[in-house]
S.K.: 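Mind having a look at this structure? Questions to follow.
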Amino acid sequence: DRGKKRLSAVFDELKGLAEQGNAIGQLSFGDCYYYGYGVEKNFTQAVYWYRKSADQGNSSAQNNLAYCYKNGQGVEKDYSQAVYWYRKSANQGNAKAQNYLGVCYELGNGVEKDYLQAVYWYGKAVDQGNLTALNNLAWCYSKLAICYAKGEGVERDFVLAHEYVDKAINLSAASDSQMNFFDCKCEIYAIQGEKDKALDIWSKILEVNPNFAAKGTTFYTDYVKKWTSQPPLLFYKGDIQFVDVDKNSWMYPYVSIAA
């Protein structure tokens, strides 16, 4: 049909450009093989042409090649190579690559785990408006906060712990994730031995979302269950899950009214 003929014509045109050494043409021709535009999908061929373009310094091709290495598409999975190409692309300002490089540092894929480096690269991507990086940055801040609160890999510093978790809370102001970061702040206060401050924030979380405890967060599991007079039991009212607690528990006013 007309659509297939058009795709075939575009494929032939891109093939000519790619074979002439045009870096953008090579990138686009690689996309044809990767997505199956005008030709059957072939990750090996996609990688071949992405590499041709990447070797000429095309940042999008470098990012795509890194992605193929990360997922083992057309090449054997190799996180070290993924990091190599993500870094080349990220250093040229490619926001997607900056975000993915941040992920590599956060998870320790192909590099030693380093939350500060992850924050650095997420921040670079966020500065360019990458919303995925914005969410990743908030979560990474919360992980850093717990590291400083517990002294894991860094010297214990509660001031920095609260600074980082507050950044996570502020970044997630319009996100469903924000309750998780308030929960993280509760955990930091608990680690400090500031029970009243932790429970005050926790009660406010339950005011907003009465079924939040059902998520089984670290703070709820490690602290709330130990501090309340009775282990909370879950029950359902319609399609909404609530927490039922002892009437003498500090949580009772919040969840009972909601229920």
Side-chain angles (χ1 to χ4, degrees), residues 1-111 113 117-118 120-140 172 174-177:
D1 61 17
R2 186 175 300 176
K4 288 184 177 179
K5 287 182 180 179
R6 175 59 182 157
L7 279 175
S8 179
V10 171
F11 179 83
D12 290 339
E13 182 179 348
L14 289 174
K15 180 181 179 180
L17 288 172
E19 290 177 342
Q20 290 170 27
N22 182 289
I24 296 177
Q26 291 167 340
L27 166 66
S28 299
F29 196 47
D31 283 341
C32 288
Y33 278 110
Y34 187 90
Y35 295 105
Y37 296 151
V39 67
E40 187 175 345
K41 282 186 180 182
N42 188 322
F43 291 142
T44 302
Q45 279 294 303
V47 166
Y48 175 83
W49 290 106
Y50 286 155
R51 191 184 305 279
K52 287 281 190 183
S53 181
D55 285 339
Q56 295 194 66
N58 185 286
S59 68
S60 294
Q62 290 168 343
N63 176 69
N64 291 357
L65 183 57
Y67 189 82
C68 289
Y69 271 114
K70 179 176 76 75
N71 294 296
Q73 295 175 317
V75 289
E76 187 175 345
K77 183 180 287 189
D78 188 330
Y79 284 120
S80 295
Q81 278 294 300
V83 168
Y84 174 82
W85 289 107
Y86 277 142
R87 193 182 304 281
K88 278 187 170 293
S89 181
N91 282 333
Q92 293 195 70
N94 186 295
K96 288 183 178 180
Q98 290 168 341
N99 175 61
Y100 281 126
L101 186 56
V103 171
C104 290
Y105 273 111
E106 182 178 355
L107 300 180
N109 289 336
V111 288
K113 185 180 289 188
Q117 275 294 302
Y120 173 81
W121 288 109
Y122 286 148
K124 288 282 190 182
V126 168
D127 287 344
Q128 298 192 67
N130 189 295
L131 295 180
T132 301
L134 180 66
N135 182 63
N136 290 344
L137 179 59
W139 280 102
C140 198
S172 60
S175 167
D176 292 337
S177 300

S.K.: Testing the basics here: between Ala66 and Trp85, what is the closest heavy-atom pair and its distance to 0.1 Å?
M.R.: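 Smallest interatomic distance, heavy atoms only, reads CB-CB, 3.7 Å.
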S.K.: Rounded to the nearest 0.5 Å, what separates atom CG in Asn136 from atom CD in Glu106?
M.R.: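 These two atoms lie 6.5 Å from each other.
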S.K.: Should we count NZ of Lys70 as having more than 12 external heavy atoms under 6.0 Å?
M.R.: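 Enclosed.
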S.K.: Quick one: does Lys88's side chain get under 4.5 Å of Leu65's, heavy atoms only?
M.R.: no
S.K.: To the nearest 0.5 angstrom, please state how far the NZ atom of Lys96 sits from the OG1 atom of Thr132.
M.R.: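 Here the rounded value is 9.5 Å.
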S.K.: Could you grab the distance from atom OH of Tyr79 to atom SG of Cys104, nearest 0.5 Å is fine?
M.R.: 8.0 Å
S.K.: So which atom in Asn109 and which in Val83 form the shortest heavy-atom distance, rounded to 0.1 Å?
M.R.: O-CG2, 3.4 Å
S.K.: What is the minimum heavy-atom distance between Ser89 and Ser59, and which atoms define it?
M.R.: OG-O, 2.7 Å
S.K.: Locate the shortest heavy-atom distance separating Trp139 from Ser177; write the atom from each residue and the value.
M.R.: NE1-OG, 3.8 Å
S.K.: Over all heavy atoms of both residues, which pair between Tyr122 and Asn99 is shortest? Give the atoms and the distance, please.
M.R.: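 Smallest interatomic distance, heavy atoms only, reads CE2-O, 3.3 Å.
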S.K.: Got a list of side-chain donor-acceptor pairs under 3.5 Å for residues 30-42, not counting sequence neighbours?
M.R.:
residue, atom, partner, partner atom, Å
Asp31, OD1, Tyr50, OH, 2.5
Tyr34, OH, Gln73, OE1, 2.8
Tyr34, OH, Gln73, NE2, 3.4
Asn42, OD1, Thr44, N, 3.1
Asn42, OD1, Gln45, N, 3.0

S.K.: Please tabulate, for the side chains in residues 7-22, all donor-acceptor contacts under 3.5 angstrom to protein atoms that are two or more places apart in sequence or on a different chain.
M.R.:
residue, atom, partner, partner atom, Å
Gln20, NE2, Gly16, O, 3.4
Asn22, OD1, Ile24, N, 3.0
Asn22, OD1, Gly25, N, 2.7

S.K.: Considering non-hydrogen atoms only, spot the tightest contact between Ala90 and Leu101 and give its length.
M.R.: CB-CD2, 4.1 Å
